[in-house]
Amino acid sequence: MDDTEQLLTIGVFARRVGLTSSALRFYDDCGLLRPARVDAVTGYRRYGAGQAPRAVKLRQLRAAGLPLVDAAVVLDGAEDAARDVLRAHLERTRRTADEARAVVEGLLREASGAPEHRGIRARARIGGAELASAVRQVAPAAATGAAREEFPVLGCVLLELVDGEVRWVATDRYRLAVRVLRPDGFEGGPRRVLIAANTARSLAEWAVRQVTVDIECAAEAAGVRLRSGADRREVPEGAGQGRSGGEEPGVFPDYRLMLEGLETGRHRVIVDRVGLRDAVTGRAGPVSLSVGAGQGDAADSGGSSVPDSGGSMVPETAGDAGDAGDLAAGPVLEVTGGGREPVRMRVVRTGPGLRIAFDPAVLVPALEAGVGPDVLLEIAAPDRPVLVRSADQGSFTTLVMPVREGAGADVSDAGRTDG
């Protein structure tokens, strides 16, 4: 950077290039758009005016739906590789256009209505599809089976109306999922309601057919009411949890303490979300993820897989010289263990090499709940909770506990690393 170049605050630079400040922080974390200067004391980021063209191009690529891994190729790769990535993405976009159009047309045909307002302590208005999506993302993290029997409260989803936001939270002690919604209208609060996970899923099935949903918590009631026009759903506290005699569901864990206690991620790995999910799915026991931690040569053959220019998985063979060359050109994530052949994937990463193990039964649902083509794993250490973030939806956060490598096919509580 030229020392005479004008430096802009993150807010000013964000407005100039059409990005949010949170997006700029995310792209800094990913290594795609570093600030020109970071104050060592305050941590404030400053950007050079000359960085604007790159930021605008990155915004355009993301608006077009390109995964971060592919956006990095377009920004910094060879011209031929950039063209291949763009052509592949264009074809994928064409294939999904008809389905997206049908969904939008269906939503536009829905009708909305105005609720009554008497006796309401807190109210928030949310799009029906957005509410349903939030529940479907969070509910899989709720406890089931023996864990729910032992701790009934963990079989619930927490609904919060607080600080002008609607929050859905669930945890089974090994996963924590939080989705924050920004309502179109909000009044009253704060309010907290526990809803059994199965009941929450039923509400999602109803909400997805509504244009808007009003979430209402009455001052004198312990439950919540969801309304869309004349249609309504009344949900008592802990509804569907199967308790008797009015027993309270228990005290829900303080998820804020969990999030505030997180250590700063020393490692950041960005990878194709669906590709990683497919690489982990079907493995019989703990699965190891390695990046630059003594893994084999990326160009080796032997039945593993590499991503094509569009981020999908293709078999790697000794004759795939082009693919092997592409794979060797950048960081590679290797997925091993669980009775399947290794799979190698192209990634964007920061930090030193690492190796970490997960229970597929915990990691796969976290990946499935994500939105968009990319997932960011923020890892402080192989024995600390891992933050799973969506590059396209900063309002959704998942924490996943790793396991001890070699814990066996039947991953019990003793095999987890939460002590």
Side-chain angles (χ1 to χ4, degrees), residues 29-31 140-144 146-147 150-151 154 169-178 253-271 273 276-277 279-281 283-296 331-340 342-345 347-370 375-390 396-419:
D29 290 343
C30 300
T144 60
E150 184 178 2
F151 303 103
L154 299 184
V169 187
T171 180
D172 63 358
R173 297 183 298 164
Y174 305 117
R175 288 173 293 174
L176 169 67
V178 181
D254 190 339
Y255 70 93
R256 292 180 181 83
L257 286 179
M258 300 181 194
L259 295 176
E260 291 171 359
L262 286 178
E263 301 175 29
T264 302
R266 185 183 179 203
H267 315 268
R268 289 185 174 92
V269 178
I270 303 166
V271 65
R273 181 178 63 84
L276 180 58
R277 181 203 65 187
V280 174
T281 298
R283 294 182 183 264
V287 55
S288 294
L289 276 57
S290 303
V291 179
Q295 61 196 47
V332 173
L333 171 71
E334 184 174 58
V335 182
T336 58
R340 283 182 52 190
V343 173
R344 297 188 180 101
M345 306 178 64
V347 298
V348 175
R349 75 173 177 99
T350 60
L354 77 147
R355 185 180 183 93
I356 189 169
F358 294 96
D359 178 359
V362 174
L363 181 58
V364 170
L367 297 172
E368 289 179 336
V375 65
L376 168 63
L377 306 179
E378 293 194 24
I379 306 168
D383 60 350
R384 305 304 300 163
V386 174
L387 184 63
V388 182
R389 295 169 55 192
S390 171
F396 179 57
T397 299
T398 304
L399 286 182
V400 177
M401 286 302 305
V403 299
R404 297 186 185 92
E405 196 167 7
D410 182 12
V411 180
S412 63
D413 289 358
R416 302 183 189 272
T417 61
D418 61 339

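- Closest approach of Met345 to Ala279, counting heavy atoms only: SD-CB, 4.5 Å.
- With sequence neighbours left out, Ser288 forms a side-chain hydrogen bond (donor to acceptor under 3.5 Å, both in side chains) with Glu405.
- Between the His267 side chain and the Pro352 main chain, a donor and an acceptor come within less than 3.5 Å of each other.
- Judged purely by atom type and a 3.5 angstrom limit, Arg273 uses its side chain to pair as donor or acceptor with the backbone of Leu367.
- Contact record, Phe396 with Ala177: CE1-CB, 4.2 Å, taken as the closest heavy-atom pair.
- Annotation: side-chain hydrogen bond (donor to acceptor under 3.5 Å, both in side chains) contacts of Arg175 (sequence neighbours excluded): Asp172.
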Next on the checklist: Determine whether Leu377 and Leu387 satisfy the following criterion, side chain to side chain contact (heavy atoms under 4.5 Å, CB included), listing intermediate values before the conclusion.
Outcome noted: CA-CA 6 Å; Leu377 306 179; Leu387 184 63; over 6 Å; no
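- Evaluated for a side-chain contact (heavy atoms from CB on, under 4.5 Å) with Val269, the options Val375, Val386, Val347, Thr350 yield exactly one hit, Val347.
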Checklist entry - Between Asp359 and Leu363, is a side chain to side chain contact (heavy atoms under 4.5 Å, CB included) present by the stated rule, with each step listed? => result CA-CA 6 Å; Asp359 178 359; Leu363 181 58; over 6 Å; no
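- The side-chain heavy atoms of Phe358 and Val400, taken from C-beta on, include a pair separated by under 4.5 Å.
- For Ser290 and Arg355, the side-chain atoms include at least one donor-acceptor pair closer than 3.5 Å.
- Interatomic distance, Ile270 CD1 to Asp29 CG, rounded to the nearest 0.5 Å: 8.0 Å.
- Checked by atom type and distance alone, the side chain of Arg283 pairs as donor or acceptor with a backbone atom of Gly337 at under 3.5 Å.
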Next on the checklist: Is there a side chain to side chain contact (heavy atoms under 4.5 Å, CB included) between Leu333 and Leu289? Walk through the geometry before answering.
Outcome noted: CA-CA 7 Å; Leu333 171 71; Leu289 276 57; 3.8 Å; yes
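- Between the CD1 atom of Ile379 and the CZ atom of Arg349 there is a distance of 11.0 Å, given to the nearest 0.5 Å.
- Atoms CZ and CD, from Arg384 and Glu378 in turn, are 15.0 Å apart once rounded to the nearest 0.5 Å.
- Here the closest non-hydrogen pair linking Pro253 and Thr171 is CG-CG2, 4.1 Å.
- Looking at heavy atoms from C-beta onward, Val335 lies in side-chain contact with Val287 at the 4.5 angstrom threshold.
- For the pair Glu334 and Pro342, the tightest heavy-atom approach, listed with the atom from each and the gap, is OE2-CB, 4.0 Å.
- A distance of 9.0 Å separates OH of Tyr255 from CG of Leu176, quoted to the nearest 0.5 Å.
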Item to check | side chain to side chain contact (heavy atoms under 4.5 Å, CB included) assessment of Arg173 paired with Phe151 | outcome: CA-CA 10 Å; Arg173 297 183 298 164; Phe151 303 103; 3.8 Å; yes
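- The shortest non-hydrogen separation linking Ala381 to Ile356 is O-CD1, 4.2 Å.
- Residues Val332 and Arg344 come closest through the heavy atom pair CG1-CB, 3.7 Å.
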